Amino acid sequence: MTDEIPPPALPVSPPPATHDLGGAPRFRCTAVEPDDEAPPDEFGKRVDALRQILGRSGLMTVDEMRRCIEAIPEPEYHALGYYERWLRAISALMVEKGVVPAESLR
Amino acid sequence: MAHAPSAESVALLDRFVAALVAKGVLTEDQITTQIASTDRASPEIGARMVARAWTDPEYRALLLRDGGQAAEAMGVSMAGAPPLGVLEDTDKVHHLVVCTLCSCYPRAVLGYPPHWYKSAAYRARAVREPRAVLAEWGTTLPDGVAVKVVDSTADYRWMVLPQRPAGTEGWDAARLASIVTRDALVGVALPRAGQ
Amino acid sequence: MTGAFEAGQRVRVKLDFPELRGPCHIRTPHYLRGREGVVERPLGAYPNPEDLAFARPAPRIPLYHVRFDQPSLWNEGAAGDTVLVELYEHWLEGTA
């Protein structure tokens, strides 16, 4: 007779969400590139401007935008550029809120 | 380096802007105006605030009490900007700012965040091995100085008030501001008189 | 609005993972859940981002700057180094 195998203990905590990067071991050996420039290219500047205009107009909060950024699946989150993530999030949010029709983005 | 957006993203941006314009939500002119306005903010603003704080004790007190008011006192409009907190470096403490959850950054006084600030590596490592991150900038701290990492998670934005370096005695505000770099205002570097 | 905690008070971040209960937006980093720190100072009160993210009515919640011993978070690092984080009151509890 074999002893009953106990169920596995529940993990103390789930793994951190994709965006919740503080201390993430996978980036432990990735160097930070200290000398990179700040102002983005035209694409980035336009996306950045959309965020500010839409935020001021009351159509979205930065918190809603962050929620949509956090919903991007992990492989894409790290494959997309910073302002590409923003664009993905903001455009999805404007569709979600009925500001623009989904067909207009396809 | 930041990589260029994909053709797919560029096309999405065009379609999205066209849809917003078609719905009367915004205009191309508004986008142009917004970009011009955002481009005006740069680390020179933060540098001028620090230089003034180094020479004017009353301004220093204001800066530490209410960064937003201190920015306004330099002619910067903080309307709509999040509250600005200023972190005072001392002989005992050196501050390093990061946003592990996204990329919160004191844009009103520093402009666009640099690519590295938004990178996964910086966000992951700054809270865990801050001294190794500092070393990538060639920054080492004197013995007895503790690192205080400030993880910018909520409503404030944070800027560092570094210590005035030795060898800058008698310098005017403009010359002092010239050695206060963006990296020093985030805390990854220290101002140097020889810069 | 006066909060429940004051400067110098020892607090614990709730060991909670709303991520397991469904879609959410949280500004309390994973690495601090269940950790103890010291309130450095109250930072005022702000609409709860967890509600704002879903366009729900967002009551203002006191926000605190809370300091944590850095090496004990990771079991590595230099003694005396710290991490200072903005945390909302509903994520904090007093310690006995």
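First the proteins, then the strands, lettered A, B, ... as listed; each starts at 1. Values in this document were obtained by computation on a predicted structure and should not be read as measured data.
Salt bridge annotation for A/Asp48-B/Arg107: present, with a cationic side-chain nitrogen under 4.0 angstrom from a carboxylate oxygen.
For B/Leu20, the parts sitting under 4.5 Å from any heavy atom of chain A are the backbone and the side chain alike. Looking at A/Ile90, both its backbone and its side chain come within 4.5 Å of chain B, counting heavy atoms on both sides. Contact of A/Phe43 with chain B is made through backbone and side chain together, with heavy-atom distances under 4.5 Å. Contact annotation for A/Ser91: both backbone and side-chain heavy atoms come within less than 4.5 Å of a heavy atom of chain B. In this structure, chain B has heavy atoms under 4.5 Å from both the backbone and the side chain of A/Asp20. In this structure, the portion of B/Val17 lying under 4.5 Å from any heavy atom of chain A is its side chain and not its backbone.
The two residues B/Tyr112 and A/Pro39 have their closest heavy-atom pair at CD1-CA, 3.9 Å. Residues B/Arg15 and A/Leu105 share a closest heavy-atom pair of NE-O, 2.8 Å. Shown here for A/Glu84 and B/Ser9, the closest heavy-atom pair between the two residues is OE2-OG, 2.6 Å. The shortest non-hydrogen separation linking B/Cys102 to A/Arg66 is SG-NE, 3.6 Å.
Ranked by heavy-atom pairs under 4.5 Å with chain A, the first of B/Asp183, B/Ile35, B/Val127 is B/Ile35. Between chain A and the options B/Gly138, B/Ser6, B/Pro5, B/Ala19, the largest number of non-hydrogen pairs under 4.5 Å is found for B/Pro5. When the candidates B/Gln34, B/Glu129, B/Lys23 are compared by the number of heavy-atom contacts under 4.5 Å with chain A, B/Gln34 comes out ahead.
B/Arg128 has its side chain within reach of A/Arg28: a pair of non-hydrogen atoms, C-beta onward, lies under 4.5 Å apart. A/Glu33 is not listed as a side-chain neighbour of B/Tyr122, based on a closest heavy-atom distance of 4.5 Å or more.
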**OP:** Evaluate salt bridge (charged side-chain N to carboxylate O under 4.0 Å, His left out) for B/Glu28 paired with A/Arg46, printing each intermediate quantity in order.
**Re:** CA-CA 10 Å; B/Glu28 269 296 339; A/Arg46 280 173 73 78; 2.8 Å; yes
